[in-house]
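One structure is given here, and the rest of the page talks about it.
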Number of protein chains: 2
Amino acid sequence: MADVNFKAEDGDDRPVGPGGRLVREPLSERDSPEAPYIELLFFAYRDFISDPDAVLVAYGFGRAHHRVVHFVNRHPGIRVADLLDILKITKQSLGRVLKQLIDGGFIEQVQGPQDRRQRLLYPTEAGRALALRLIAPQERRIGAALDLLSPDERRGAEQFLKQIIDAGERDKVARLIGR
Amino acid sequence: MADVNFKAEDGDDRPVGPGGRLVREPLSERDSPEAPYIELLFFAYRDFISDPDAVLVAYGFGRAHHRVVHFVNRHPGIRVADLLDILKITKQSLGRVLKQLIDGGFIEQVQGPQDRRQRLLYPTEAGRALALRLIAPQERRIGAALDLLSPDERRGAEQFLKQIIDAGERDKVARLIGR
DNA sequence: AAAATATGTCAACATGGCTGACGTAAATTT
DNA sequence: AAATTTACGTCAGCCATGTTGACATATTTT
């Protein structure tokens with residue numbers, strides 16, 4: 001408990017703690033008109049991620065593995081540097097999970113044909129199978145959501161998400177996802 | 001490198017590793033028609049989260065603190081149990097960050113007036129100020145995205161996110177966000 | 001020949017999840 | 001009144017995944 005403690009009903013003459021007086025009013029609609037969207041994004045992502053999480057435990061993998069498996073399957077032959085740019089993590093973080101996926105036989109590295117310094121990443125058949133298992137429940141979830149929307153509304157969902165992406169990243173992402 | 005290694009150009013008679021043959025074809029549009037939406041959600045969330053992250057480092061806090069500060073400010077007097085249900089984490093995980101926020105003077109606990117076992121959570125003035133600083137860049141980001149959408153399209157964005165939430169959670173979330 | 005690039009690796013550290021066990025005060029049930 | 005349940009806190013330890021910094025190697029570019 002905080003050292004400044006008191007009953008909830010004892011009004012305005014309460015002691016003032018180190019952080020100032022207590023605030024009893026919720027963040028107003030004026031302070032944060034978009035709060036519902038902010039929170040929807042949080043809740044949607046929370047549940048969206050929970051589907052593949054359940055699959056991953058069976059393999060002893062985590063979310064980091066999921067991301068790598070996903071993008072390697074979507075872009076077979078992707079360079080390590082490009083994967084790092086997509087995930088926005090350090091090569092040390094990637095290296096750890098990548099090694100496990102290679103050791104497990106889900107991904108293989110192929111020396112780049114032009115530039116032999118490159119290690120192009122390809123899924124194995126097992127890697128492809130894993131990717132499909134991971135994406136299946138998300139397909140269902142997204143598909144069911146889109147089924148309820150009109151064409152205009154779908155466009156809205158897509159545009160909204162695109163505009164939330166950093167301006168400097170939008171073109172790259174658009175190319176990546178093929179839109 | 002994987003023990004099974006070879007040049008990228010040497011065709012179909014390649015050795016078969018423990019995960020099966022290499023797969024060179026991208027995940028097809030048929031396998032995953034909603035892949036663009038899946039990835040948009042990933043990229044949007046990635047960047048959406050990066051705004052408050054920058055603010056948090058100045059306080060020595062992380063994303064876990066952000067979530068707690070946010071929901072306590074949106075619902076002053078929230079019970080610990082309800083916060084756990086929103087965040088879907090364990091009380092041990094919450095306890096750690098909550099203690100730091102209380103010690104730092106950003107949140108205070110008040111004994112429940114009816115049920116004195118409860119510790120109702122309130123932001124201090126400092127806690128409110130932090131919440132406002134954290135939400136400001138997200139407000140701008142979301143606001144700018146919504147500005148580009150028609151009413152129909154906005155509805156689409158909102159409905160899409162709502163439908164991605166677990167069916168059993170939707171009503172609770174709707175009440176929570178006031179929609 | 002020198003410099004830059006693509007990648008890998010070692011060591012150490014921080015955050016924030018988790019489980020399991022146990023404790024305490026207060027409310028509820030019997 | 002006693003027993004049980006509930007709300008919350010806490011200790012200890014583990015794991016996944018992010019970080020920085022330094023250094024190594026092979027290859028390409030200058």
Side-chain angles (χ1 to χ4, degrees), chain A residues 1-3 5 7-8 42 45-46 49-50 52-54 56-57 59-69 72 77-104 107-121, chain B residues 1-2 5 7-8 42 45-46 49-50 52-54 56-57 59-69 72 77-103 107-121:
Chain A
M1 290 282 279
D3 39 357
N5 187 20
K7 299 263 177 64
F42 165 75
Y45 195 78
R46 181 196 68 178
I49 274 295
S50 72
D53 277 0
L56 288 161
V57 291
Y59 291 82
F61 289 150
R63 290 175 186 181
H65 303 85
H66 178 194
R67 294 180 201 124
V68 172
V69 166
V72 169
I78 191 173
R79 292 187 311 142
V80 168
D82 289 335
L83 195 47
L84 288 174
D85 185 54
I86 288 174
L87 302 177
K88 306 283 186 212
I89 58 174
T90 58
K91 61 177 173 175
Q92 291 85 343
S93 293
L94 175 60
R96 217 163 13 199
V97 299
L98 191 51
K99 185 179 188 322
Q100 294 173 295
L101 288 167
I102 290 168
D103 290 349
I107 288 180
E108 282 180 17
Q109 293 171 310
V110 173
Q111 201 170 54
Q114 285 92 25
D115 187 333
R116 295 185 341 205
R117 290 171 303 182
Q118 298 175 349
R119 301 297 147 88
L120 308 185
L121 304 174
Chain B
M1 290 282 279
N5 187 20
K7 299 263 177 64
F42 166 75
Y45 195 77
R46 181 196 68 179
I49 275 294
S50 72
D53 277 0
L56 288 161
V57 292
Y59 291 81
F61 289 150
R63 291 176 186 181
H65 302 85
H66 177 194
R67 295 181 198 123
V68 173
V69 166
V72 169
I78 191 173
R79 293 186 311 140
V80 169
D82 289 334
L83 194 48
L84 288 175
D85 185 55
I86 287 173
L87 302 176
K88 305 282 186 214
I89 59 175
T90 58
K91 62 176 173 176
Q92 292 86 340
S93 294
L94 174 60
R96 224 169 2 204
V97 298
L98 189 52
K99 185 179 189 320
Q100 293 174 293
L101 288 167
I102 291 169
D103 290 349
I107 288 181
E108 282 180 16
Q109 293 171 310
V110 174
Q111 201 170 53
Q114 286 91 25
D115 186 333
R116 298 186 337 206
R117 291 171 303 181
Q118 296 174 352
R119 302 297 148 86
L120 308 185
L121 303 174

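Chain letters run A, B, ... following the sequence lines, proteins first, then strands; residues in each count from 1.
Distance Leu94(A) CG to dA16(D) P: 17 Å, rounded to the nearest Å. Distance Gln114(B) CD to dA7(D) C1': 15 Å, rounded to the nearest Å. We find that CG of Asp53(A) is positioned 13 Å from P of dA16(D), with the value rounded to whole Å. Rounded to a whole Å, the CG atom of Leu84(A) is 11 Å from the C1' atom of dG8(C). Whole-Å rounding puts the Lys91(B) NZ to dC18(C) P distance at 13 Å. Atom P of nucleotide dA6(C) and atom CZ of Arg116(A) are separated by 16 Å, given to the nearest angstrom. Between the CZ atom of Arg117(B) and the P atom of dT6(D) there is a distance of 9 Å, given to the nearest Å. Straight-line distance from the CG atom of Leu121(A) to the P atom of dA6(C): 15 Å, rounded to whole Å.
Considering only the side chain of Asp115(A), dA6(C) comes nearest among dC18(C), dC8(D), dA6(C). Set against dG21(D), dC8(D), dG16(C), the side chain of Val97(B) has dG16(C) as its closest nucleotide. Each of dG9(D), dA22(D), dG8(C) was ranked by its minimum atom distance to the side chain of Arg119(B); first place goes to dG9(D). Minimum atom distance to the side chain of Arg67(B) is reached by dG17(C), of the listed dC8(D), dG18(D), dG17(C).
For the side chain to side chain donor-acceptor pair (under 3.5 Å) test, residues two or more places apart in sequence or in another chain that qualify with Arg46(A) are Glu169(B).
Each of Arg79(B) and Ala64(A) was matched to the nucleotide of DNA chain D holding its nearest heavy atom; the match closer to the 5' end belongs to Arg79(B). Comparing Ile89(A) and Ala81(B) by the nucleotide of DNA chain D that holds the closest heavy atom to each, the one mapping nearer the 5' end is Ala81(B).
Crowding of Lys99(B) atom NZ: a count of heavy atoms from other residues, nucleotides or ligands under 6.0 Å not exceeding 12.
The phosphate of dG13(D) (OP1 or OP2) has no side-chain N or O of Arg96(B) nearer than 4.0 angstrom. Remark: His65(A) is in phosphate contact with dT17(D), judged by side-chain N or O atoms under 4.0 Å from OP1 or OP2. A sub-4.0 Å separation between OP1 or OP2 of dC18(C) and a side-chain N or O of Ser93(B) is present. For Thr90(A), no side-chain nitrogen or oxygen approaches OP1 or OP2 of dG18(D) to under 4.0 Å. Contact annotation: Arg63(B) side-chain N/O to dT17(D) OP1/OP2 distance is not under 4.0 Å. Look at Gln109(A) and you'll find a side-chain N or O under 4.0 angstrom from OP1 or OP2 of dG8(C).
Gln100(A) comes within 4.0 angstrom of nothing in the nucleic acid, heavy atoms only. Among the protein residues, Gly95(A) comes within range of no part of the nucleic acid, since none of its heavy atoms lies under 4.0 Å from any strand.
Scanning both residues, Arg63(A) and Asp53(A), for their nearest heavy atoms gives NH2-OD2, 2.7 Å. Smallest separation of non-hydrogen atoms from Leu120(A) and Pro113(A): CD1-CD, 3.8 Å.
Among Leu84(B), Leu83(B), Asp82(B), the one residue that satisfies the side chain to side chain contact (heavy atoms under 4.5 Å, CB included) test with Val80(B) is Leu84(B).
Leu98(A) contributes atom CG, which lies 11.5 Å from atom CZ of Arg119(A) (distance to the nearest 0.5 angstrom).
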